[in-house]
Q: 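Please read through the structure below; I'll follow up with questions.
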Amino acid sequence: MRYHGAVIRPPSEANSLIVQVTYGCSNNTCDFCGTYLEKPFAVRPFDEVVDDILNLPSTVRNRVDRVFLADGDAMALSPGKLHAILDLLHRALPNLERVSSYANARNLLAKSVEDLASLRERKLELVYLGLESGDDQTLADIHKGMTVAEQIEGCRRASAAGIGLSVTAILGLAGAERSLPHARATGKALSAIDPQFIGILTLMLTPGTAMERKVARGEVMLPDSLGMLHELREIVAATDVTDCLFRSNHASNYLPVGGHLPRDKAAMVASLDKVLTAPESIRLRPESWRLL
């Protein structure tokens, strides 16, 4: 497989075949994200995708059961282009069970439920969406480029088409000043989306990003580690979903917390309350260990 530039994937796609079908991110405006600063968005030529897949050794092709479509925005492609890619994967990979991709709300809203259902029929079964925050002021401040309502509606369309959702939010994104409104609104938005998976990350300041510059200039003051955990507690407390695996075990987090919601909600809130009341009782991940 040939890859252009840095390629990222969700942790849960570690055993998937990564197929790069776009470059970069069609949005690429978020203040906190430095992933694609040096990689403008573009659609990869379909012929290259075909070559990569067909030139895999037959032993590899027969072993692949999951595929992740990279880069950050494969769902920016039209339904027709996605059909061609998915059909290629089915022809070439006899044991393919599932295809997944990152997505943003704008690209989901550009497709009808029928369009998305046609992708689901071709085994695109899961999309990963960065909600970031359920607070419109926070989304505007970080230049997300879309509203909470748009994100909820985009996710609703995916769910209506039978596509699963893995949604992430980021602690600290609103700074200390709007920390708790951001957290509570995020729990409310996650409840409205009702995804199968929720992942919570903690803000990392990436060199070269607008967020790093804002913090350096003193325009944004970030919560400390306990402040981040207070946000996490408020998100869990405000989230009411049907059946969801909730995780804050990403390497950026100070404390891994997880469980199934709603079953484990009370226990998760109680464990976070215990840490916040007696922080000396638990060892948080040191700053130098984050992302290791």
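A quick note: this is a predicted structure, and the numbers were derived from the prediction, not measured. The figures that follow rest on heavy atoms only: side chains count, while hydrogens, waters and symmetry mates do not.
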Q: With a 6.0 Å cut-off on ring centres, are Phe246 and Phe197 close enough?
A: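 No, the ring centres sit 6.0 Å or more apart.
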Q: Please check: side-chain N/O of Glu212 versus main-chain N/O of Gly208, any donor-acceptor pairing under 3.5 Å?
A: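 Answer holds: yes.
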Q: Between Gln20 and Arg2, does the side-chain contact (heavy atoms from CB on, under 4.5 Å) criterion hold? Intermediate values first, please.
A: CA-CA 8 Å; Gln20 195 172 30; Arg2 294 166 294 174; over 6 Å; no
Q: Quick check on salt bridge (Lys or Arg N to Asp or Glu O under 4.0 Å): which of Arg98, Arg120, Arg66 does Glu125 satisfy it with?
A: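 Exactly one pass, corresponding to Arg120.
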Q: Check whether the side chains of Thr242 and Asp194 place a donor and an acceptor atom closer than 3.5 Å, and report yes or no.
A: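 On atom types as modelled, these side chains qualify, holding a pair under 3.5 Å.
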Q: Taking it one step at a time, do Leu119 and Met75 satisfy side-chain contact (heavy atoms from CB on, under 4.5 Å)?
A: CA-CA 10 Å; Leu119 302 177; Met75 289 294 286; 3.9 Å; yes
Q: So do Leu116 and Val113 actually touch side chain to side chain, heavy atoms under 4.5 Å?
A: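 Not in contact.
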Q: Do Ser100 and Tyr128 touch side chain to side chain, with heavy atoms closer than 4.5 Å?
A: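 They are in side-chain contact.
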Q: Just checking, is any N or O donor in the side chain of Asn27 or Arg106 under 3.5 Å from an acceptor N or O on the other one?
A: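 On atom types as modelled, these side chains qualify, holding a pair under 3.5 Å.
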Q: Quick one: does Gln151's side chain have a donor or acceptor within less than 3.5 Å of a partner on Leu131's backbone?
A: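 Confirmed, Gln151 side chain pairs with Leu131 backbone.
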Q: Whether the side chain of Asp115 engages the backbone of Ser112 through a donor-acceptor N/O pair (distance < 3.5 Å, no angle test) should be reported.
A: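 Yes; judged by distance alone, with no hydrogens or angles, the pair exists.
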Q: Does some side-chain heavy atom of Lys111 sit less than 4.5 Å from a side-chain heavy atom of Leu82?
A: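 Answer yes - side chains close enough.
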Q: Using only atom types and a distance under 3.5 Å, with no angle test, would you say the side chain of Lys144 pairs donor to acceptor with the backbone of Glu132?
A: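 No, because the side chain of Lys144 does not come within donor-acceptor range (under 3.5 Å) of the backbone of Glu132.
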Q: Under 6.0 Å from the CE atom of Met1, do we count more than 12 heavy atoms belonging to anything else shown?
A: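 Buried by this count: over 12 neighbours within 6.0 Å.
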Q: Is it true that a side-chain atom of Lys123 and a backbone atom of Leu96 form a donor plus acceptor pair closer than 3.5 Å?
A: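 Here the side-chain-to-backbone pair exists.
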Q: Taking the side chain as C-beta and beyond, is there a heavy-atom pair between Ser26 and Asn104 under 4.5 Å?
A: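 Counting from C-beta outward, Ser26 and Asn104 do come under 4.5 Å.
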Q: Hey, is the main chain of Leu93 close enough, under 3.5 Å, to the side chain of Arg61 for a donor-acceptor pair?
A: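 No; zero donor-acceptor contacts below 3.5 Å.
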Q: For Gly134, does its backbone N or O pair with a side-chain atom of His182 as donor and acceptor, under 3.5 Å?
A: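 Looks like no, no N/O pair under 3.5 Å.
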Q: Quick one, Ile85 and Phe46 - any side-chain contact, counting heavy atoms below 4.5 Å?
A: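 Yes, side chains in contact.
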Q: Hey, does the side chain of Tyr36 reach the backbone of Gly72 with a donor-acceptor pair shorter than 3.5 angstrom?
A: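 Side chain of Tyr36 to backbone of Gly72, a donor-acceptor pair under 3.5 Å: yes, one is there.
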Q: How many angstroms lie between atom OG of Ser179 and atom CG of Asp224, to the nearest 0.5 angstrom?
A: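 Going from OG on Ser179 over to CG on Asp224, the span is 9.5 Å.
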Q: Between Arg247 (side chain) and Val257 (backbone), is there a donor-acceptor pair under 3.5 Å?
A: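 Flag not set: sc Arg247 to bb Val257 has no pair under 3.5 Å.
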Q: Measure the spacing between CE of Met268 and CD1 of Ile235 and express it to the nearest 0.5 Å.
A: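 That separation rounds to 10.5 Å.
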Q: Can you confirm whether Gln137 sits close enough to Asp141 that some side-chain heavy atom of one is under 4.5 Å from a side-chain heavy atom of the other?
A: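 A side-chain contact exists here, since the closest heavy-atom pair is under 4.5 Å.
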Q: Kindly check if the number of other-residue, nucleotide or ligand heavy atoms within 6.0 Å of CD (Glu219) is above 12?
A: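 Yes.
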Q: State whether a side-chain donor-acceptor pair under 3.5 Å links Asp31 with His143.
A: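 There is such a pair between these side chains.
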Q: For residues Ile200 and His250, determine if any side-chain heavy atom of one lies less than 4.5 Å from a side-chain heavy atom of the other.
A: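 Answer no - side chains too far apart.
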Q: Once you round to the nearest 0.5 Å, how far does CG of Leu245 lie from CG of Asp264?
A: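 Spacing of CG (Leu245) from CG (Asp264) equals 9.5 Å.
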Q: Val64 versus Asn95: any side-chain heavy-atom pair under 4.5 Å?
A: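 Val64 vs Asn95: side chains apart.
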Q: Kindly indicate, with the supporting measurements, whether the criterion salt bridge (charged side-chain N to carboxylate O under 4.0 Å, His left out) is fulfilled by Lys265 and Asp240.
A: CA-CA 9 Å; Lys265 178 176 177 176; Asp240 293 305; 2.8 Å; yes
Q: Spell out, yes or no, whether Tyr23 and Leu69 are grouped together once hydrophobic residues are joined by side-chain heavy atoms under 4.5 Å, including indirect joins.
A: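 Different clusters.
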Q: Hey, could you give me the CD1/OG distance between Ile142 and Ser133, rounded to the nearest 0.5 Å?
A: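 OG of Ser133 is found 7.0 Å from CD1 of Ile142.
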Q: Can you tell which of Val220, Leu222, Thr209 makes a side-chain contact (heavy atoms from CB on, under 4.5 Å) with Lys214?
A: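 The residue from Val220, Leu222, Thr209 that satisfies side-chain contact (heavy atoms from CB on, under 4.5 Å) with Lys214 turns out to be Val220.
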Q: Just do the side-chain contact (heavy atoms from CB on, under 4.5 Å) check on Thr22 and Phe41 with the steps written out, would you?
A: CA-CA 7 Å; Thr22 61; Phe41 178 75; 3.9 Å; yes
Q: Decide yes or no on side-chain contact (heavy atoms from CB on, under 4.5 Å) for Ile18 and Val7, but give the supporting numbers first.
A: CA-CA 9 Å; Ile18 310 301; Val7 177; 3.9 Å; yes
Q: Check whether Arg157 reaches the backbone of Glu114 with its side chain - one donor and one acceptor, N or O, closer than 3.5 Å.
A: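 Judged by distance alone, no pair lies under 3.5 Å.
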Q: Looking at CG of Leu165 and SG of Cys155, how far apart are the two atoms once the value is rounded to the nearest 0.5 Å?
A: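 The distance works out to 5.0 Å.
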Q: So, taking the atom named CG in Leu255 and the one named OG in Ser271, what distance separates them when rounded to the nearest 0.5 Å?
A: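 Answer rounded to 0.5 Å: 7.5 Å.
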Q: Consider only side-chain N and O atoms of Ser118 and His83, and report whether a donor and an acceptor are under 3.5 Å apart.
A: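 Checked: Ser118/His83 side chains pair up, N/O donor to acceptor below 3.5 Å.
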Q: What I want to check is whether the side chains of Asp73 and Asn107 have a donor and an acceptor closer together than 3.5 Å.
A: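 Yes, side-chain donor-acceptor contact under 3.5 Å.
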Q: Just by distance, with hydrogens left out, do Asn253 and Thr202 show a side-chain donor and acceptor under 3.5 Å apart?
A: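 Indeed, the side chains of Asn253 and Thr202 share at least one donor-acceptor pair under 3.5 Å.
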Q: Consider only side-chain heavy atoms of I, L, V, M, F, W and Y, link residues closer than 4.5 Å, and tell whether Leu190 and Ile152 are in one cluster.
A: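 Shared cluster, yes.
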Q: Under 3.5 Å, is there a donor-acceptor pair linking the side chains of Gln196 and Asp243?
A: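 Absent: no donor and acceptor within the cut-off.
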Q: Have a look at Asp135 and tell me which of Arg178, Arg184, Lys188 forms a side-chain hydrogen bond (donor to acceptor under 3.5 Å, both in side chains) with it.
A: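 The side-chain hydrogen bond (donor to acceptor under 3.5 Å, both in side chains) with Asp135 is passed solely by Arg178 among Arg178, Arg184, Lys188.
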Q: Do the side chains of Asp52 and Arg44 get close enough for a salt bridge, i.e. N-O under 4.0 angstrom?
A: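 Looking at Arg44 together with Asp52, the answer is yes, because their closest N to O distance falls below 4.0 Å.
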